[in-house]
4 protein chains.
Amino acid sequence: MSETKKDSRQMILDAALSLFSQKGFSGTTTKEIAKEAGFAEGTVFRYFPTKKDILIALAEPHAVAGLKRVMNSLPNQDEESNLRAILENRLVTIAQNKDLLKVIFTEAQYHEDFRKEVFDNIGTHVLGTVAGYMEKRMETGIFRSIDPIVATRILVGMMLSLLVTENFLPMKDFDQEKRQGYLDEIVHIFLYGLTKR
Amino acid sequence: MSETKKDSRQMILDAALSLFSQKGFSGTTTKEIAKEAGFAEGTVFRYFPTKKDILIALAEPHAVAGLKRVMNSLPNQDEESNLRAILENRLVTIAQNKDLLKVIFTEAQYHEDFRKEVFDNIGTHVLGTVAGYMEKRMETGIFRSIDPIVATRILVGMMLSLLVTENFLPMKDFDQEKRQGYLDEIVHIFLYGLTKR
Amino acid sequence: MSETKKDSRQMILDAALSLFSQKGFSGTTTKEIAKEAGFAEGTVFRYFPTKKDILIALAEPHAVAGLKRVMNSLPNQDEESNLRAILENRLVTIAQNKDLLKVIFTEAQYHEDFRKEVFDNIGTHVLGTVAGYMEKRMETGIFRSIDPIVATRILVGMMLSLLVTENFLPMKDFDQEKRQGYLDEIVHIFLYGLTKR
Amino acid sequence: MSETKKDSRQMILDAALSLFSQKGFSGTTTKEIAKEAGFAEGTVFRYFPTKKDILIALAEPHAVAGLKRVMNSLPNQDEESNLRAILENRLVTIAQNKDLLKVIFTEAQYHEDFRKEVFDNIGTHVLGTVAGYMEKRMETGIFRSIDPIVATRILVGMMLSLLVTENFLPMKDFDQEKRQGYLDEIVHIFLYGLTKR
DNA sequence: TATGAATGAGGGTTCATTCAT
DNA sequence: AATGAATGAACCCTCATTCAT
């Protein structure tokens, strides 16, 4: 009973995520979602009173939990030499949630309430966690002392460039190997810059 | 005649850009565009056969010319010590075209034809230009030798973080002064990394 | 078995009557009816093949029997001096069935079949009964001789004004006492008119 | 320009009135209204943002003006012997607006806001006017002294009985002549009651 | 007998687009 | 060139009804 219910709800969410990330929120029809999920249109509304509620459900703590959990483990790594592995790991995780992130970021621009809902989760929490990590390094003297939030945002921006690379401006022959190289460079530049020492 | 025509067309484009960046493409009504531009509903369609054509026109060569022109002047700068000032300058310019960029990046995800139009312009061209600049530095030995395209993308990502900061995850009290600090750090990290030398 | 069945059926009818009178026929959902009756959605349709059948059932003979029975006893009263008490009594009874009457009158306008069903019951029967009473008074010389049906309808109209008062155009401070006064006046005017004798 | 616009709006109102009175408010489709008015469905919404707004427009001062104007002239009549003619006249007017009244009364039951909207017009105003007339007669000693509002409501109820006769419980062979007789009796009973003097 | 998940036709509403003026 | 009334397809959503359990 609860089994079936959860399944249906989840199937709709899966279908919606897939379609939203392909065609955007307003570009996706509730009818399409239903069809993709294998239901009749009306069924969608048994589980979500509103189309927008599907979007919100996609971004709810539950859905973002994965991202958060991953980020939480960050500060446990101590050795500076491990930063690369960590970031790599994170980026892979992010890449796996690429569709979700894409939808969330796109729609967050236009729905004020949605933006708040989401960024009380990702925003404050995740950024805060990473910033705490930064701060610790600065206290230790490993990093220069700058606004840890700024440092965090810049690092996130570098990660973003990878998403951009994979979604907007694809690079030719961007295989797994090149991807590794890309990650290496992000870490390297973040730590040591592009200039020769 | 051609004068008036161009004006009307441009007024519609301006109105559309403003509205698209606020409410997204599908969130904006042709009626709203007409009103914002000071015309009646039907008039819009004298200049653009389709709503989508307005979007495409926004990404047309001469519309993006400003961005391109700015980027073009990059390689003319020789002294490494000037990079900071240059990038700063670029970032400010980009920020001024924030609306256009926002619209282009957001909508490019969902309109295949649009994506092509745009990335034959900005994408290839701009990235290529900056990459050429990177390459030169690497040959000179100022920068380490890495894939110049990767370096470029990472730098762009760092710039993106600023857009994100201003659009999605606003920082408290992010005044003009803090903004300058932010830019400084982007440059600094890109050149020297976050670690102490 | 028949016991339980009747109960369920009646519970649904009761729920429907209550909801119909509050929100109208089309304004009421079968789901709401089910919930109000304490059943699940589908159960309603075990007793009534159609939503409309609930409405029709509300007007069925034994549902309206109460009203009819009350009216039937009218002619047994002989003394003219008792008319007031009688009418008063009737009006109170009618007021108690206000919900049913309201639903019937409202919906009868729009459902042909329903209208027939109802007015072969209340209409003809009740009006006829009261008209018979009128006729008797006229023969006795107590009432002037006019079309007894017309007299009946006018009396009913006066009663209606009370329903209107309570449903559409509420009077301020219309407490029980004022209500009595209102009834008194209906009787008085019907018997003696508003002019001074 | 203004000519056409007004026409379209009015045609939609006419169509809506006709359909609402036949099938009720919720029983009528915006598509039907459009078709009946000779337009496409979307056109309806150029003139009325909402289906409900059509209903409200039907009841707006404009539409009720006729009734009000007629009622306003009531107190100018002095001779008691004229009451009959006056009422007759009113009833005819009401009969002409039968469709409108039917819709208004039916829907007023279920839409609180609508009820208020309407009865600030008809209710207070019209009833008040007639009540004023009653009061004057009572002061003059022609009528007994009772609550003039109650007297008014009862009179209105008697009028209502005619509407009921024509809409719910039709009388056989109810021709124009019989109608006259009916009106005569309303007046007579209201003034002198049904009992013999 | 009772459930409640699923259905899908149909309703109100929006809006890009057309066209007579 | 400009208007804005008109269009109608398509959208989101509701709800009476069905049916497997």
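The chains referred to below are lettered A, B, ... by the order of the sequence lines, with proteins before strands, and numbering in each begins at 1.
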Filtered N/O pairs between nucleotides 17-21 of chain E and protein, under 3.5 Å:
{"from": "E:dT17", "atom 1": "OP2", "to": "B:Lys51", "atom 2": "N", "distance (Å)": "2.8"}
{"from": "E:dT17", "atom 1": "O4", "to": "B:Glu41", "atom 2": "OE1", "distance (Å)": "3.3"}

Examine distances only and state if a side-chain atom of [X] and a backbone atom of [Y] form a donor-acceptor pair shorter than 3.5 Å.
| X | Y | result |
| --- | --- | --- |
| A:Asp14 | A:Met11 | no |
| B:Thr106 | B:Lys102 | yes |
| B:Lys51 | B:Phe25 | yes |
| D:Glu36 | D:Glu32 | no |
| B:Thr28 | B:Gly24 | yes |

Over how many whole Å does the gap from [X] atom [atom1] to [N] atom [atom2] extend?
| X | N | atom1 | atom2 | answer |
| --- | --- | --- | --- | --- |
| C:Asp53 | F:dA16 | CG | P | 13 Å |
| C:Phe39 | E:dA2 | CZ | C1' | 9 Å |
| D:Ile12 | F:dA5 | CD1 | P | 12 Å |
| C:Glu32 | F:dA16 | CD | C1' | 13 Å |
| A:Arg9 | E:dG4 | CZ | C1' | 17 Å |
| D:Lys23 | E:dG10 | NZ | P | 13 Å |
| C:Leu19 | F:dC15 | CG | P | 13 Å |
| C:Asp7 | E:dA2 | CG | C1' | 15 Å |

Would you say a side-chain N or O of B:Tyr47 is under 4.0 Å from OP1 or OP2 of F:dA1?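 Answer no for this pair, as no side-chain N or O of B:Tyr47 is under 4.0 Å from OP1 or OP2.
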Check each of A:Ile12, A:Thr30, A:Ile56 against A:Phe48 using the side chain to side chain contact (heavy atoms under 4.5 Å, CB included) test, and report the only one that passes.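 Running side chain to side chain contact (heavy atoms under 4.5 Å, CB included) over A:Ile12, A:Thr30, A:Ile56 with A:Phe48 returns exactly one hit, A:Ile12.
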Given that both distances must come in under 3.5 Å, which nucleotide forms a Watson-Crick or G-U wobble pair with F:dC12?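 Across any shown strand, F:dC12 pairs with E:dG11.
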With a 3.5 Å limit on both atom pairs, tell me what F:dA20 is paired to, counting Watson-Crick and G-U wobble, or say none. E:dT3
Residue mapping more 5' on DNA chain F - nearest nucleotide basis, B:Gly38 or A:Thr28: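 Of the two residues, B:Gly38 wins.
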Quick check: on DNA chain F, is the nucleotide nearest B:Ala40 upstream (toward 5') of the one nearest A:Phe25, or the reverse? Name the residue that is more 5'.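 The residue whose closest nucleotide sits nearer the 5' end is B:Ala40.
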May I ask you to say what A:Thr43 touches in the nucleic acid, namely base, sugar-phosphate or nothing, with a heavy-atom cut-off under 4.0 Å? base
In terms of side-chain heavy atoms of A:Thr29, which of E:dT3, F:dC11, E:dG11 is nearest?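 The answer is F:dC11, which lies nearest to the side chain.
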Is C:Lys35 salt-bridged to C:Glu41, cutoff N-O under 4.0 Å? no
